[in-house]
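Only one structure is covered here, and it is reproduced in the block below.
Note that this is a predicted model, so its numbers are computed, not measured. Worth knowing before you read on, the calculation uses all heavy atoms, side chains too, and leaves out hydrogens, waters and symmetry mates.
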Amino acid sequence: MPGIRIAIDRGGTFTDCVGNPGTGKLEDDVIIKLLSVDPQNYDDAPLEGIRRLLERFTGKKIPRGQPLDTSEIESIRMGTTVATNALLERKGEKCALITTKGFKDCLVIGNQSRPKIFDLAIHKPDVLYQTVLEIDERVTLEDFAEHPERLTTDVSAANDENLVVGLSGEAVRILQRPDEERIRQDLGKLYKEGYRSIAVCLMHSYTFPHHEALVGKIANEIGFTHISLSSALMPMIKLIPRATSATADAYLTPEIRRYIDGFSKGFEGGLGSESVKNSESSRGARCEFMQSDGGLVDVSRFSGLRAILSGPAGGVVGYALTSYDPETKIPVIGFDMGGTSTDVSRYGSGRYEHVFETTTAGVTIQSPQLDINTVAAGGGSRLFWKNGLFVVGPESAGAHPGPACYRKGGPLTVTDANLFLGRLLPEFFPKIFGKNECEGLDEAASRKLFEELTAQINKELGKNMDAEEVAYGFIKIANETMTRPIRSLTEAKGYDTSQHRLATFGGAGGQHAVAIAESLGISQILVHRYSSVLSAYGMALADVVHEVQEPSSVVFSDQEMAPLAERLDGLKEKASAALADQGFSQKDIVFEEYLNMRYRGTESALMVVKPDAAEFSGEENAYGKAFIRQHQQEFGFTLPDRDILVDDIRVRGIGKSNIEMEKTVDQQLKELKPKEVDPNKKEFTKSIYFEGGRREAPVFRLEKLEVGDRIKGPAMLADGTQTVVVTPGATALILYTHIVINIGETADEGPKKLSTDKVDPIMLSIFAHRFMAIAEQMGRALQKTSVSTNVKERLDYSCALFDAEGGLVANAPHLPVHLGSMSTCIRTQAAIWKGKLKPGDVLVSNHPEFGGTHLPDITVITPAFSGDKIIFYVASRAHHADIGGILPGSMPPNSRELCQEGAAIKSEKLVSEGHFDEKRMTELLLEEPAQYPGCSGTRCLADNINDLKAQVAANQKGINLISSLIEDYGEEVVQHYMISIQNNAEQSVRALLKDVYKRFEGKNLVAKDFMDDGSPICLKVEIDPVKGEAVFDFEGTGPEVYGNTNAPEAVTYSAIIYCLRCLISQDIPLNQGCLKPVHVKIPKDSFLSPSDGAAVVGGNVLTSQRITDVVLKAFQACAASQGDCNNLTFGYGGHVEGKGHVNGFGYYETIAGGSGAGPNWDGTSGVHTHMTNTRITDAEVFERRYPVILREFSIREGSGGKGEYMGGDGVIRDIEFRVPVQVSILSERRVYRPYGMAGGEDAQCGLNLWVRKVKGTEEGKQAFRHINMGGKWRTCLLNLQRLTQCEGKNTASMRPGERIIVCTPGGGGYGTPEDRKEKVERAHDPTHSWKGGSLASRAATQETN
């Protein structure tokens, strides 16, 4: 006989429990909702929920504290936030990280990018471990993917004991075997210091786990109670995510085990599959926990790493299984809006969408997780009036104090706006507020704060808005804030949002769902009857899952499919055994088989499920064809000439729960006979604010409505846990399982026509979002369709929208150095081509005289027409890894003339009336640069062409989005708000300048700093306090140099706009308006305004940083950061004298340093600063793709300046080359130190070292000498050296075994060192680095971090 089934979601505020007596029928379910924390009444909310359910089902009174009898319970299924909360609050287990020598700081540096590009006080997420132990061991991969001939090593023929085959099939070279005795001593010391949990992540352990296994064996013998081996947790390439994942597991799993042990003690009879098998004592109950991948796992196997999205995963399973119909196959977007967060996901094709690398609470996890994205802060999102704009979030009021209406003195939130406008019903809300927790929501508190805010807005704008208009404005902005990332996330995968249904759940979802759906073009919304407890209900429906994965490195082919199929069968056996151990019979186990595939030369792998043979003409295992189809859909292109590689093989074993499902929505709709609702069923009438004002609307209690009732909007449907707003023009239909809301079924007045006579502050805020969303979606399209590592992985690109004159309207915050410089380019090109362009034309340019910065940054410009008139431009700028010149990478440190830096394109048509001119681009990129002495054309033409096509496609995306905006609002309105948004930014900068004038008591701001060649940059800023205008005068700056640190004028404008945005320290639109109050004077023929033909490659990456240092010094904002990008390039090939064109490769990276300290913050170590924010290639990917060994990548301790607030330290990057290559370094701050401020000390300069082979003193022995390639040499490191002084811009031909060591500068200190206390206790918010609600901040942590 079936027993009681219980499903529980323990959330941050409430714990939801769904119980069924064993019938499986919906009408027999019992729902209990209780506070997650209520220590006065119970110790554990899930236990209390189970106790109450057992009382209901058995009819027996069960005293609190008495162990619960499991004999009548069939199963308990749970989702918990224990792991998430421990991560958010940083309250996990004390643990240590064990890693390879040279990488102790790998997680401190991460990918070197900073989360928020305009924060001068950089806050990177804290690491989870307390200490690091380095193991002297090392392996590397013998072959490299970028080899032009694709050579591979035959290990069996090598006869070398240090050469082995890894699990992935790659040849692995053992460079250093670990010393067991030394490991035992070091681990023993950790054990004595009180450590019981360790994470082990060694280089390349995904394919060679033997050294990790040895460490794990020794640790186990010593007595460590938890050992997380990265190779066992997730054997996938990438050191940083794997190390973070292992650390997260070591940090969280002991916490999870403690919780489970305490929970289990509340039962008599035991929990889990083992207790069910045990027949000697009273029968136990199955107990399974929800994992982040949407599958359940037995309580004994639940781990911290897979628990992070435990609660939200239940919601996805809930809507996926109740809202998706496998017959109609209409995909569903899940919209989960709670009190503290809004999560978005998607379900289609009958399978969950997983991602394998995500960032949660600042921690990058490598583990299968449902693709759930937090896009806003939920009903608790705070409301602000800032800089003339309505702003919603990302700050949240949280659970305490909560919204103003919670009677705890909280701030204005979205919840308050809904209450004030009549969209929340206090009559239905639990009375749990006030001093005695017996009062309802406080409408008066919300009203009072809205009236005060309205008075402030009217005073500033000279308008006469009423409080309701303001509150409704915030609702519209909140909806726009959420819609923007939903659209972007969906379309980024190649899906059209309008072809979906919207499944809304969570306490606040029903109040916003219709507006969200309308904005996304979605016509139907599904609200499950259990929408407020859908996560718990989803756990009741979920299956038990066991995943197994192995690495691979084979080229996919028909011949390779047979061994791959064998390996998949082996994994299926492992998964089947694990599920059988949890009580599943073979007939209840099914499998999903996957290959993780990518094109050679890219890092964008796709997890391809085993395709249905019927889809490919009966062909079994047509993974290759399925990959090509999926790549075309997701990225918009295929690469038919490239090999397809298999990186991983994966099997997802599923133990089916076999729970009988209700009829689907579509089945119910077919059988339904709708009828208009009886008006007498309404509870009462409520005045609700919609577009245009208040309307009287009926309120219905959900329990009293019958299946088939149809309710026309405006109306409200509610019960004790949810409120659903049905807007005018929409209708709600009651089904057995759902409320179905159809949009546009009934006529309603559309939105009122917008006036262009005045600026509506609400619409201004909405257009600010819309314009920025266009630039962001262009960026996503470019990243998606590009081929090169530079664009796709390092994100070295920017996209922007411009008015008809070339003035910047919106620039997504991709790279600061591109911010203001593109506008110069667009204005120049617009003037050249005035009256000559036609629809379908696209321009291309990179020449510094024509608005370019340096030649690798190629700008693609597309005009948009209304009739024959250009109404705006869109543009994308991307850094191309090679465009020719004297050295691979096109970043030569020794260039003297522009022609030596590669192809220089002044102004060309890339596309003429829709035709891409590949012939002309080949001439410009390959043939013309090779005509100059010692120069080559591009060394990667195919990548150039593909990336240019991606830029064209990204621009077209922008054109289409603007066209949609014009369709919605009209050209006149869009143009009006293009101008208005620039005016808004202008006013923000004017206000800043007036404030600065007061702060400096009217004194001019003066600063001076030097490039390493002694060239000065001088700046005097004169402010007009009446107009709020400033003159930035660079008089006294040094002359043009016969080198490459000349910076086109556009670079100076970029630096200024970046600094102004940092100084305002609030989210303002980044556009041309920022520069309107600023008048810039740059002396002609100075190195900030060089002549045509001057070399400029260093201007964009080096001089831009010094200009930033000078501007911030003038404003006394903070000490100098490293002031450098440390541009390193290496490679071989191209045009070789006497050989013609030789195939080769090129690599380019920029290296982090220290950030400067400020008036109340320490600098940050190992991070990119100011004008760049590109990511570093992961160490394992670096060695897989290129012939290198990364010997060390660590923090350069002591390189930051001392002070009351310490400057951040630079890094040490030590690279050994395995084949002959040309290596170039383009760097600064090797002579002049980054300045301290207010008594703080200067930071250390950088240093570039060449470790060069010399003949040894003994026969057959190799010795090395260290040669200084740039920097102040202070320390003698080795004997047998010859130390040669060179500047920080140098190139050398390096032989196998030789190394370059780049030691980057630190950041300056702030305040006198004597004022720093021994132990400085700073107020620390662990969420600072990752909290946020906009797509920009989400992307900052999830994409660039």
Side-chain angles (χ1 to χ4, degrees), residues 87 95-112 125 127-129 132-135 137-141 166-168 170 172 197-216 219 226-253 292-293 303-306 308 354-360 362-369 547-553 596 598 603 605 607 647-650 793 1175-1185 1190 1193 1342 1345:
L87 200 57
C95 63
L97 171 65
I98 319 298
T99 193
T100 301
K101 183 180 178 182
F103 294 91
K104 64 183 173 64
D105 299 314
C106 66
L107 296 189
V108 175
I109 301 169
N111 64 20
Q112 77 179 10
V127 294
L128 301 179
Y129 55 79
V132 185
L133 171 63
E134 287 188 319
I135 303 289
E137 66 79 41
R138 192 64 158 88
V139 304
T140 191
L141 302 182
L167 295 179
S168 61
E170 293 166 289
V172 175
S197 182
I198 61 169
V200 187
C201 186
L202 305 179
M203 277 287 284
H204 299 293
S205 64
Y206 72 94
T207 188
F208 186 80
H210 306 69
H211 292 174
E212 272 194 11
L214 175 65
V215 174
H226 184 83
I227 303 160
S228 294
L229 302 182
S230 76
S231 53
L233 285 169
M234 199 63 191
M236 290 181 83
I237 190 169
K238 285 192 181 179
L239 176 74
I240 302 303
R242 210 173 59 254
T244 316
S245 300
T247 309
D249 191 69
Y251 186 74
L252 297 174
T253 298
S292 302
D293 65 356
S303 76
L305 179 63
R306 302 206 168 194
I308 292 167
H354 291 108
V355 287
F356 295 84
E357 192 176 312
T358 56
T359 300
T360 304
V363 178
T364 302
I365 301 292
Q366 196 174 51
S367 174
Q369 297 188 39
E547 290 225 5
V548 201
Q549 185 168 318
E550 288 181 359
S552 169
S553 65
N596 196 27
R598 63 183 171 89
E603 291 300 324
M607 195 65 75
D647 277 347
D648 305 276
I649 59 174
R650 169 187 171 223
E793 316 301 330
R1175 301 187 292 186
I1176 198 86
T1177 305
D1178 185 88
E1180 290 178 346
V1181 175
F1182 188 45
E1183 292 189 6
R1184 177 191 252 187
R1185 293 191 71 164
L1190 184 60
F1193 191 30
Q1342 209 148 305
N1345 198 34

- Message: Would you compute the distance between atom NE2 of H210 and atom OG of S205 and round it to the nearest 0.5 angstrom?
- Response: 11.5 Å
- Considering residues at least two apart in sequence or located in another chain, which fulfil the ring pair (Phe, Tyr, Trp, His ring centres under 6.0 Å) criterion with H204? none
- Hits for salt bridge (charged side-chain N to carboxylate O under 4.0 Å, His left out) against K101, two or more places apart or cross-chain, chain-then-number order -> none
- Item | Validation row: V132, T99 side chains within 4.5 angstrom (heavy atoms) | yes
- Taking every heavy atom of G102 against every heavy atom of E134, the minimum-distance pair comes out as N-OE2, 2.8 Å
- Message: Does L233 form a side-chain contact (heavy atoms from CB on, under 4.5 Å) with S228? I'd like the steps, not just the answer.
- Response: CA-CA 7 Å; L233 285 169; S228 294; 4.0 Å; yes
- Query: What's the spacing between S231 OG and E212 CD if we round to 0.5 Å?
  - Reply: 3.5 Å
- Message: List the residues meeting ring pair (Phe, Tyr, Trp, His ring centres under 6.0 Å) with H226, not counting sequence neighbours, and say none if there are none.
- Response: none
- Sequence-distant partners of V548, side-chain contact (heavy atoms from CB on, under 4.5 Å), two or more places apart: H546, L571, K574, A575
- Query: Can you name the side-chain contact (heavy atoms from CB on, under 4.5 Å) partners of T100, sequence neighbours left out?
  - Reply: F103, E137, R138, L202, M203
- Message: For a side chain to side chain donor-acceptor pair (under 3.5 Å) check, start with the C-alpha distance between T140 and E1183, then their side-chain angles and the critical distance, and finish with the verdict.
- Response: CA-CA 7 Å; T140 191; E1183 292 189 6; 2.6 Å; yes
- Query: Heavy-atom distance under 4.5 Å between the side chains of L87 and L128, does that happen here?
  - Reply: yes
- Task: With the side chain counted from C-beta on, respond yes when C106 and I240 share a heavy-atom pair under 4.5 Å apart, and no when they do not.
- Result: yes
- Message: Can you tell me how far apart CD (Q549) and CG (D648) are? Round to the nearest 0.5 Å.
- Response: 4.5 Å
- Under a 4.5 Å cut-off applied to non-hydrogen side-chain atoms, are L141 and T207 in contact? yes
- Task: Report the distance from atom OG1 of T244 to atom OH of Y251, rounding to the nearest 0.5 Å.
- Result: 13.5 Å
- Message: Would you say S553 and E170 are linked by a side-chain donor-acceptor pair, where the criterion is simply a distance under 3.5 Å?
- Response: no
- Task: Indicate yes or no for a side-chain donor-acceptor contact from Q366 to the backbone of L239 under 3.5 Å, with no hydrogens or angles considered.
- Result: no
- Query: Hey, what do you get for CG (L252) to CD1 (I365), rounding to the nearest 0.5 Å?
  - Reply: 7.5 Å
- So salt bridge (charged side-chain N to carboxylate O under 4.0 Å, His left out) across residues 226-235, not counting sequence neighbours, yields none
- Task: Dump the intermediate steps for side-chain contact (heavy atoms from CB on, under 4.5 Å) on T247 and V127, then the final yes or no.
- Result: CA-CA 9 Å; T247 309; V127 294; over 6 Å; no
- Query: Is any side-chain heavy atom of S367 less than 4.5 Å from a side-chain heavy atom of F356?
  - Reply: no
- Query: Between T253 and L305, is any pair of side-chain heavy atoms under 4.5 Å apart?
  - Reply: no
- Item | By salt bridge (charged side-chain N to carboxylate O under 4.0 Å, His left out) - contacts of D293 (at least two apart) | R652
- Task: Spell out, as yes or no, whether a donor-acceptor pair under 3.5 Å connects the side chain of S230 to the backbone of A243.
- Result: no
- Task: Under the salt bridge (charged side-chain N to carboxylate O under 4.0 Å, His left out) rule, collect the residues that match up with R598, sequence neighbours excluded.
- Result: D647
- Message: Which residues pass the ring pair (Phe, Tyr, Trp, His ring centres under 6.0 Å) test with F1182, not counting sequence neighbours?
- Response: Y1147
- Query: Can you name the nearest heavy-atom pair linking A213 to L229, along with the distance?
  - Reply: CA-CD1, 4.3 Å
- Task: Name all residues meeting the salt bridge (charged side-chain N to carboxylate O under 4.0 Å, His left out) criterion together with R650; count only those two or more places apart in sequence or in a different chain, and write none if there are none.
- Result: E547
- Stepwise side-chain contact (heavy atoms from CB on, under 4.5 Å) check, I227 with V215: CA-CA 9 Å; I227 303 160; V215 174; over 6 Å; no
- Should L107 and Y129 count as side-chain neighbours, where that means a heavy-atom distance under 4.5 Å? yes
- What's the verdict on side-chain contact (heavy atoms from CB on, under 4.5 Å) for N596 and I649, showing C-alpha distance, side-chain angles and the deciding distance? CA-CA 6 Å; N596 196 27; I649 59 174; over 6 Å; no
- Tell me the salt bridge (charged side-chain N to carboxylate O under 4.0 Å, His left out) pairs involving residues 234-246, sequence neighbours left out? K238-E357, R242-E1180
- Message: Test of understanding: with side-chain contact (heavy atoms from CB on, under 4.5 Å), list the residues that count as partners of P235, not counting sequence neighbours.
- Response: P551
